[in-house]
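We use all heavy atoms of the structure for the numbers below, so side chains are in, but hydrogens, waters and symmetry mates are not.
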Amino acid sequence: MRKPAPEPVVDTRQRLLEAAGEVFAEVGFRAARVRDICARAAANIAAVNYHFGDKRGLYVAVFAYAHACALHAHPPPADARQPPAQRLEAYVREFLLRLLDEGRPAWHGRLMAREMIEPSAALDQLVERAIRPQFELLTGILRDLGAPSEPRALRRLSSSVVAQCLFYHHARPIIGRLFPDWRPDAAELAALTAHITAFSMAGIAAALPAPRARRGQRA
């Protein structure tokens, strides 16, 4: 009689990241205990020091891990040869998918919500290493679309695109109560992508200076 195949060995570091993400999301950084994280991950307490240095190093790594998972599942547009309008649409679509992906572990969103209320050095690192490059990618797309090049105007336009997407994540509990039949399914995500893209394109056009009337013509 054959022996049953051994269960696949899950990397200790991966288990710690997943377990820590759940614990940090549930109780926050200060209340989280390394022994509880290790118990949930079925790992030795020394493994945290080995892989991450300490609890704070683990906390920072959890943020990077969650964001990397989202980017891997729904990467931003990378083909600069595409027309800028297509790149903007792809950026909006993938951003919405990252925000509203129902297959994403629930702790990802809860952890970020906690961090937004009480920011730490982990958020500083996440912004510099991951969020800023994505924002600069969007800014470059808008610049290629002909958006005003003045830095503050360009920043406002980029922020408006991001804000439209974030609304459907942050206000989801309210949206669900206002419109109980609302579901971010494939059809709705496609409609939101088209709407936000078109709205943003119109915003860019409205932000451009009005052309001067030609001499001899009425303004």
Side-chain angles (χ1 to χ4, degrees), residues 21-29 31 59 62-77 85 87-120 122-139 141-142 145 147 152-207:
E22 294 171 358
V23 173
F24 287 138
E26 289 168 9
V27 303
F29 173 77
Y59 187 69
V62 163
F63 266 89
Y65 169 71
H67 194 75
C69 287
L71 285 177
H72 178 75
H74 306 291
R87 282 187 278 140
L88 175 60
E89 184 178 30
Y91 187 100
V92 169
R93 180 178 58 251
E94 298 305 319
F95 191 20
L96 286 171
L97 285 169
R98 290 198 295 274
L99 292 170
L100 301 175
D101 185 358
E102 296 188 336
R104 184 184 183 190
W107 66 261
H108 287 194
R110 293 201 305 269
L111 185 66
M112 180 58 77
R114 277 186 174 275
E115 187 66 18
M116 295 294 283
I117 294 171
E118 194 173 355
S120 71
L123 186 60
D124 295 335
Q125 293 193 33
L126 182 65
V127 167
E128 291 306 316
R129 295 176 182 176
I131 295 177
R132 188 181 300 280
Q134 296 306 310
F135 192 82
E136 291 175 350
L137 172 63
L138 173 60
T139 298
I141 293 172
L142 299 190
L145 279 166
R152 287 174 294 184
L154 192 56
R155 182 175 63 205
R156 286 191 290 268
L157 286 170
S158 298
S159 298
S160 293
V161 176
V162 171
Q164 290 178 81
C165 299
L166 286 175
F167 169 79
Y168 292 95
H169 173 67
H170 292 329
R172 189 167 179 171
I174 296 175
I175 296 171
R177 286 163 173 78
L178 284 173
F179 313 107
D181 61 339
W182 185 80
R183 296 289 183 277
D185 55 19
E188 177 64 8
L189 283 168
L192 286 176
T193 298
H195 168 75
I196 293 173
T197 302
F199 204 85
S200 300
M201 296 279 285
I204 292 170

Inter-residue atom distance [X].[atom1] - [Y].[atom2], 0.5 Å rounding:
X: Thr139; Y: Leu157; atom1: OG1; atom2: CG; result: 9.5 Å
X: His72; Y: Tyr65; atom1: NE2; atom2: OH; result: 10.5 Å
X: Met116; Y: Leu111; atom1: CE; atom2: CG; result: 12.0 Å
X: Leu99; Y: His170; atom1: CG; atom2: NE2; result: 7.5 Å
X: Ser200; Y: Tyr91; atom1: OG; atom2: OH; result: 11.0 Å
X: Leu142; Y: Arg87; atom1: CG; atom2: CZ; result: 10.0 Å

Any sub-3.5 Å donor-acceptor pair from [X]'s side-chain atoms to [Y]'s backbone N or O?
X: Arg98; Y: Ala70; value: no
X: Arg114; Y: Glu26; value: yes
X: Arg177; Y: Pro173; value: yes

[X] and [Y]: which non-hydrogen atoms are nearest, and at how many Å?
X: Ser158; Y: Leu138; value: O-CD2, 3.5 Å
X: Tyr168; Y: Leu100; value: O-CD2, 3.5 Å
X: Leu189; Y: Pro184; value: CD1-O, 3.6 Å
X: Ala85; Y: Met201; value: CB-CE, 4.1 Å
X: Glu94; Y: Pro75; value: CG-O, 3.1 Å
X: Gly21; Y: Val62; value: CA-CG1, 3.8 Å

Walk me through whether Phe135 and Val127 qualify under side-chain contact (heavy atoms from CB on, under 4.5 Å).
CA-CA 10 Å; Phe135 192 82; Val127 167; over 6 Å; no
Parallel, tilted or perpendicular: which fits the ring planes of Phe24 and Tyr59, with parallel below 30° and perpendicular above 60°?
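Perpendicular: the ring planes of Phe24 and Tyr59 meet at over 60°.
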Mind checking whether [X] and [Y] have side chains closer than 4.5 Å, heavy atoms only?
X: Phe199; Y: Gln164; value: yes
X: Glu115; Y: Leu126; value: no
X: Phe95; Y: His74; value: no

Testing Leu145, Leu154, Val161 for side-chain contact (heavy atoms from CB on, under 4.5 Å) with Ile204, which one passes?
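One option only clears the test, and that one is Leu145.
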CG/Leu178: more than 12 non-hydrogen atoms of other groups inside 6.0 Å
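Enclosed: over 12 neighbouring heavy atoms sit under 6.0 Å from CG of Leu178.
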